[in-house]
Amino acid sequence: MMDVKGSSNSSSTTHSDEEMTGDLRRGPWTVEEDFNLINYIATHGEGRWNSLARCAGLKRTGKSCRLRWLNYLRPDVRRGNITLEEQLMILELHSRWGNRWSKIAQHLPGRTDNEIKNYWRTRVQKHAKQLKCDVNSKQFKDTMRYLWMPRLIERIQAAASATSASPAATVSAPATDHHSVSNSDVGTGKPGHGATWGQWQ
DNA sequence: AAAGGCCTCAACCGCTTGTGG
DNA sequence: CCCACAAGCGGTTGAGGCCTT
């Protein structure tokens, strides 16, 4: 989806791109391109992205190939449904390291820095905005630490006991929550819409 | 049923950092 | 030490899908 700015054809693009690199493709990857990239990496391995792009016959920059591979094609990449545990982890790690997305991602197996960054921007920052405070403000950090994180933990525990203990017993969820926990998908997906941070408050 | 608005996330860009000559 | 190139990182963009009116 994307930045189609100069999409595959030259026309509207700024010439400079074309000059140096021949006609490079941009925008969404096709199934065929994905296939080529996967195949090439399967036999030759990663690395040397610029030459990889050339050798694989892809009309893409090395950067583009690298990104596509790391964020989407890698076999171990997980997408969608950021779990409660992952959300908690993200909050914790972000409070420690700030916007060091790749560093944070290292602690969330299968998650990419891009995905975590998107998560943070679309949900956390949005919420800060609603509270009319800056994500970096003490107020926001405190809210996160003393309100949202404990609630996340409660929900994680509640979910755990709900699954382990028989389902019947409506968990003695300490949950402060009035609006039930409903969709466990704070994390993702379009259907997400309202089902985001509202749950935490 | 259609229109408009909002949300998500893939992919881009520019800058920084790392590495080799 | 300096320069050039490659890789990595964080910020930003915008197409497309979903929801609401």
Side-chain angles (χ1 to χ4, degrees), chain A residues 1-21 23-38 40-41 44-56 58-83 86-87 90 93-108 110-130 134-136 182-200:
Chain A
M1 311 177 176
M2 32 257 40
D3 198 344
V4 179
K5 289 173 181 168
S7 57
S8 45
N9 56 45
S10 37
S11 44
S12 61
T13 336
T14 54
H15 16 332
S16 54
D17 290 338
E18 317 285 331
E19 288 165 7
M20 339 211 31
T21 48
D23 53 338
L24 282 174
R25 274 184 51 73
R26 291 189 189 174
W29 279 63
T30 64
V31 175
E32 197 183 345
E33 287 177 309
D34 282 349
F35 184 76
N36 286 344
L37 183 55
I38 290 169
Y40 190 88
I41 290 177
H44 298 91
E46 302 176 36
R48 315 291 310 175
W49 294 103
N50 280 334
S51 60
L52 182 153
R54 245 180 293 117
C55 298
L58 291 160
K59 291 184 160 61
R60 297 273 182 174
T61 62
K63 265 185 164 184
S64 179
C65 294
R66 174 181 164 271
L67 212 60
R68 182 64 178 172
W69 174 253
L70 293 179
N71 289 342
Y72 197 90
L73 298 175
R74 249 189 326 152
D76 59 327
V77 70
R78 297 175 58 198
R79 281 175 298 132
N81 282 344
I82 294 191
T83 65
E86 287 173 323
Q87 290 173 48
I90 291 170
L93 296 180
H94 187 277
S95 70
R96 207 182 305 168
W97 295 323
N99 298 0
R100 308 299 311 278
W101 308 118
S102 63
K103 193 167 181 178
I104 293 172
Q106 286 169 7
H107 290 74
L108 294 160
R111 298 296 183 185
T112 66
D113 55 348
N114 207 33
E115 190 170 22
I116 293 168
K117 180 171 57 182
N118 280 333
Y119 169 78
W120 185 265
R121 292 190 59 81
T122 57
R123 292 150 224 261
V124 183
Q125 284 200 345
K126 183 181 78 182
H127 203 70
K129 213 175 206 172
Q130 283 168 1
D134 188 274
V135 271
N136 297 313
S182 62
N183 333 244
S184 53
D185 89 291
V186 172
T188 174
K190 323 258 155 162
H193 250 92
T196 56
W197 280 58
Q199 302 168 16
W200 294 18

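Labels below follow one simple rule: chain letters A, B, ... track the order of the sequence lines, proteins then strands, and each chain is numbered from 1.
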Looking at A/R79 and A/E115, is any side-chain nitrogen of the basic one under 4.0 Å from a carboxylate oxygen of the acidic one? no
Between A/E46 and A/R74, does at least one N-O distance fall below 4.0 Å, as a salt bridge requires? no
Any side-chain N or O of A/S64 under 4.0 Å from OP1/OP2 of B/dA11? no
Rounded to whole Å, please give me the gap between CZ in A/R100 and C1' in C/dG10. 10 Å
Rounded interatomic separation in angstrom, taking CG from A/D113 and P from B/dA10: 12 Å
Taking only side-chain nitrogens and oxygens of A/W120, does any of them come within less than 4.0 Å of OP1 or OP2 of C/dG10? no
Base, sugar-phosphate, or nothing: which does A/N118 touch, judged by heavy atoms less than 4.0 Å apart? base
Quiz question: going by heavy-atom distance under 3.5 Å, is there a donor-acceptor pair between the base of C/dA7 and the side chain of A/N50? no
Does a nitrogen or oxygen in the side chain of A/W49 sit under 4.0 Å from OP1 or OP2 of C/dG8? yes
Expressed in angstrom and rounded to an integer, what is the separation of A/K63 atom NZ from B/dG14 atom P? 8 Å
Respond yes when some side-chain nitrogen or oxygen of A/N114 is under 4.0 Å from OP1 or OP2 of C/dG10, and no when none is. no
To the nearest angstrom, how far is A/Y119 atom OH from B/dA10 atom C1'? 19 Å
Please tell me if A/T122 has a side-chain N or O lying less than 4.0 Å from either OP1 or OP2 of B/dC9. no
Separation of atom CD1 in A/I116 from atom P in B/dA10, rounded to whole Å: 13 Å
Would you indicate, yes or no, if C/dG8 has its OP1 or OP2 atom less than 4.0 angstrom from a side-chain nitrogen or oxygen of A/R66? yes
Nucleotide nearest A/Y72 when distance is taken to its side chain, options B/dA10, C/dG10, C/dA6: B/dA10
Length of the line joining A/L70:CG and C/dG10:C1', which is rounded to integer Å: 15 Å
Could one point to a donor on the side chain of A/K103 or the base of C/dG10 with an acceptor on the other under 3.5 Å away? no
Pairing of A/K59 and A/E33 as salt bridge, 4.0 angstrom limit: no
In whole Å, what is the span from the CD atom of A/Q106 to the P atom of C/dG10? 10 Å
NA contact type, A/R121, heavy-atom cut-off 4.0 Å: base, sugar-phosphate, or nothing? base
Validate the cation-pi geometry between A/R60 and A/W29: distance from NZ or CZ to the six-membered ring centre under 6.0 Å, angle to the ring axis within 45°. yes
Give a yes/no answer on whether the side chain of A/R79 brings an N or O atom under 4.0 Å of OP1 or OP2 in B/dC9. no
Of all the nucleotides listed (C/dA7, B/dA11, C/dG11), which has the minimum atom distance to the side chain of A/K117? C/dG11
Establish, for the pair A/R123 and A/Y119, whether the NZ or CZ atom is under 6.0 angstrom from the six-membered ring centre and no further than 45 degrees off its axis. no
Determine, step by step, whether A/H44 and A/L52 satisfy the side-chain contact (heavy atoms from CB on, under 4.5 Å) criterion, reporting the C-alpha distance in whole Å, the side-chain angles of both residues, the deciding distance to 0.1 Å, and the verdict. CA-CA 9 Å; A/H44 298 91; A/L52 182 153; over 6 Å; no
With a non-hydrogen cut-off below 4.0 angstrom, is A/N71 in contact with a base, only sugar-phosphate, or nothing? nothing
So, OP1 or OP2 of B/dC7: does either fall under 4.0 Å of a side-chain N or O from A/R123? no
Can you check the A/L58 CG to B/dA11 P distance for me, whole Å? 13 Å
